[in-house]
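Questions regarding the structure given below will be posed in turn.
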Amino acid sequence: MRRGGALLTGCVMLLSCLLVSVSALEKPTGEFYAGDFADVFSAEHEEYYIEQGKLLQESCSGAQIAVVSVPSLEGETVEQYANDLFNDWGIGDKEENNGLLILLAPNERQIKVEVGYGLEGALNDAKTGRLMDEYAVPSLREDDFDGGVYSLYRALLAEVYREYEVEPPQGAGLQDFAPPEPEEPRYYGDEDFLLDQAQLLSGEVREHVLAYSGALYDHTGIRIACVISDETGSKSAQECADALYEEQKISREAGGNGESMILFYSPAQNDCGMAMGEVIDYHMLSAGRADYIIEQRLEKAPEGQTPAETFLAVYDAALADLLTFWDYAPPDGVEVLPESAKSKVLSNLPGMIFAVLVILFFTIPLLRFVIGIIRAGGIRKGFREACKQSSRSSRGGGSWGGSSGSSSSSSSSSSSGGGGSSGGGGSSRGF
């Protein structure tokens with residue numbers, strides 16, 4: 001009895017915590033597209049968000065952008081609060097998952113762009129981070145919360161229209177956000193992506209590295225910085241890569257370094273290391289995958305391969321992974337390395353765990369039933385006890401989490417969420 005009371009108390013406490021967490025989220029306003037709970041937006045800009053939000057939803061497959069300011073994150077991280085709010089409001093079309101949330105927490109000096117699955121191709125983490133750095137952060141640092149969010153909103157709005165290949169309405173005022181159309185490809189120098197202290201690379205290889213690193217940066221915002229040096233001291237190439245990455249991370253003014261990577265190569269040691277930010281590590285090229293590339297291209301290099309060829313083999317293999325993630329073709333003659341056996345096992349691990357849990361779900365009750373029969377002294381007696389127990393349970397009524405009535409749903413309108421869910425994408429910035 002005491003055990004049952006403790007269990008009930010624990011359940012009530014857990015339910016209370018969940019209810020407090022849910023109730024702490026701000027609820028949509030009547031017009032949905034703008035929720036200024038921190039009272040920092042001008043009336044003119046709120047009207048703009050509402051008007052443009054309705055037009056966007058009508059012309060772009062139910063896409064929705066909600067702009068929200070909150071006085072407090074209630075102890076949550078800005079990422080978790082934004083994700084919870086996005087899903088609670090159901091931003092975007094339920095089928096398309098094409099919602100977008102701009103969340104501003106002025107008191108905690110945090111801003112977050114949360115992106116639904118359907119828009120992650122157009123607004124990846126690197127791009128949303130660059131847009132925040134360019135359009136929002138400078139104004140936010142001057143406490144111009146209204147102006148910073150307004151500029152960011154217009155930049156994001158232009159990207160969504162561009163994704164759906166729809167011409168923005170004249171009243172949106174997005175002429176300044178038209179995509180650039182350079183007449184010639186941009187040229188990058190060594191200082192942008194390459195530091196060859198060992199003077200290892202020929203002119204042709206150098207141009208190859210600069211051309212592909214520049215194209216990757218232009219199209220995705222991902223920066224690969226290559227360093228070739230024998231000045232390692234007593235450190236390994238991986239330790240040098242880690243140190244250079246941290247140094248670069250600290251020196252960045254805007255904060256956040258998830259979209260960059262260091263590739264360090266020491267010709268004298270024939271040693272290589274890669275260090276990358278969270279965005280690359282989690283979504284594109286994990287640290288484990290980087291180690292596998294180095295093993296295959298460096299440690300198992302063909303006999304007679306020069307150091308320059310070794311560096312290029314590692315660079316091209318890493319580049320191929322990043323390019324194929326963005327659906328771009330790798331350089332001619334470069335193939336993406338197949339997954340290692342260990343990676344395949346890890347990728348199948350969730351399915352294997354699920355299968356084991358399903359087996360346990362069905363076998364444990366059966367084992368308990370058999371053990372009960374043995375303890376009861378026979379099959380007939382055990383079966384009779386089981387029937388009595390089943391009869392008592394069936395008279396006990398409903399259970400938590402169940403419902404006997406019919407459910408109803410309301411259709412989405414221009415002033416409510418369409419039932420979209422967050423893909424967990426997007427970027428955040430402190431200011």
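Throughout, numbering of the chain's residues begins at 1 and tracks the sequence. Everything numeric here is computed off the predicted structure, so don't read it as measured data.
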Rounded to the nearest 0.5 Å, the CD atom of Q64 sits from the CD1 atom of I91 at a distance of 7.5 Å
Any side-chain donor paired with an acceptor under 3.5 Å for Y265 and D271? no
Under the side chain to side chain contact (heavy atoms under 4.5 Å, CB included) criterion, do E108 and V78 qualify, and how do the steps go? CA-CA 9 Å; E108 283 96 341; V78 68; over 6 Å; no
Assess the side chains of Y33 and Q57: does a donor N or O sit below 3.5 Å from an acceptor N or O? yes
Would you indicate whether the side-chain heavy atoms of S139 and E142 approach each other to under 4.5 Å? no
Check: E239 side chain, S236 main-chain N or O, donor-acceptor pair, under 3.5 Å: yes
If you apply the rule side chain to side chain donor-acceptor pair (under 3.5 Å), what do you find for D281 with S286, and how did you get there? CA-CA 4 Å; D281 189 12; S286 67; 4.8 Å; no
Any side-chain donor paired with an acceptor under 3.5 Å for N83 and E79? no
Taking every heavy atom of A237 against every heavy atom of Q269, the minimum-distance pair comes out as N-OE1, 4.4 Å
Heavy-atom count check: over 12 atoms from other residues, nucleotides or ligands less than 6.0 Å from Q199 CD? no
So, S213 and Y315: side-chain donor and acceptor under 3.5 Å apart, yes or no? yes
Given L156, which partner from the list L119, L131, V67 fulfils the side-chain contact (heavy atoms from CB on, under 4.5 Å) test? L131
L200 side chain reached by T306 side chain, heavy atoms, under 4.5 Å: no
SB check K112 E114 (cutoff 4.0 Å): yes
Give, for atom CZ of F145 and atom CG of D36, the distance between the pair rounded to the nearest 0.5 Å. 11.5 Å
Salt bridge (Lys or Arg N to Asp or Glu O under 4.0 Å) partners for E159, two or more places apart: K127, R162
Before you tell me yes or no, could you show the steps for D125 and H283 under side chain to side chain contact (heavy atoms under 4.5 Å, CB included), namely the whole-Å CA-CA distance, both residues' side-chain angles and the distance that decides it to 0.1 Å? CA-CA 10 Å; D125 295 354; H283 302 291; 3.8 Å; yes
Name the residue from V113, L85, V115, N87 that meets the side-chain contact (heavy atoms from CB on, under 4.5 Å) definition with L101. L85
For S61 and E96, which I'm curious about, is there any donor-acceptor pair between the side chains at under 3.5 Å? no
For D93 and N97, does a side-chain donor sit closer than 3.5 Å to a side-chain acceptor? no
Tell me whether R297 contacts the main-chain N or O of T310 through its side chain, where contact means a donor paired with an acceptor under 3.5 Å. no
Compare all side-chain heavy atoms of F311 with those of C272 and state whether any distance is below 4.5 angstrom. no
The reported gap from CD1 in I359 to CD1 in I364 (rounded to nearest 0.5 angstrom) is 11.5 Å
For A34 versus I50, what's the shortest heavy-atom pair and its separation? CB-CG1, 4.2 Å
Under the side chain to side chain contact (heavy atoms under 4.5 Å, CB included) rule, what do L216 and F193 come out as? Steps first, then yes or no, please. CA-CA 11 Å; L216 181 70; F193 302 107; over 6 Å; no
Identify the heavy atoms of L140 and G148 that sit nearest to each other, and give their distance. CD2-CA, 4.4 Å
Given side chains that start at C-beta, do those of L123 and E163 come closer than 4.5 Å, heavy atoms only? no
When you compare the side chains of D84 and Q80, does any donor N or O come within less than 3.5 Å of an acceptor on the partner? yes
Can H208 and D316 be counted as having a side-chain donor-acceptor contact under 3.5 angstrom? yes
Which heavy-atom pair separates S69 from D39 by the least distance, and what is that distance? OG-N, 4.1 Å
Between I228 and L195, is the side chain to side chain contact (heavy atoms under 4.5 Å, CB included) condition met? List the steps. CA-CA 6 Å; I228 304 174; L195 177 60; over 6 Å; no
Which distance, rounded to the nearest 0.5 Å, do you find between the CG of D88 and the OH of Y81? 9.5 Å
Heavy-atom closest pair, residues G277 and Y245: CA-OH, 3.0 Å
Would D143 and R109 satisfy salt bridge (charged side-chain N to carboxylate O under 4.0 Å, His left out), going step by step from the backbone distance to the final call? CA-CA 9 Å; D143 291 341; R109 305 193 73 78; 3.0 Å; yes
Do Y217 and I224 have side chains that approach each other closer than 4.5 Å (heavy atoms only, starting at C-beta)? no
Go through N98 and Y117 one step at a time and tell me if the side chain to side chain donor-acceptor pair (under 3.5 Å) criterion holds. CA-CA 7 Å; N98 53 358; Y117 284 116; over 6 Å; no
Evaluate ring pair (Phe, Tyr, Trp, His ring centres under 6.0 Å) for Y150 paired with Y48, printing each intermediate quantity in order. CA-CA 9 Å; Y150 176 65; Y48 176 84; 5.3 Å; yes
If you measure from CG on L194 to CD on Q197, what distance do you get to the nearest 0.5 Å? 10.5 Å
Could you tell me if the side chain of L104 sits less than 4.5 Å from the side chain of V70, heavy atoms only? no
For A318 and M274, work out which heavy atoms get closest and say how close. CB-CE, 4.0 Å
Roughly how far apart are M276 CE and L285 CG, rounded to 0.5 Å? 4.5 Å
Using side-chain heavy atoms (C-beta onward) and a distance below 4.5 Å, is L319 in contact with V334? no
Answer yes or no: is there a side-chain heavy-atom contact under 4.5 Å between Y161 and E167? no
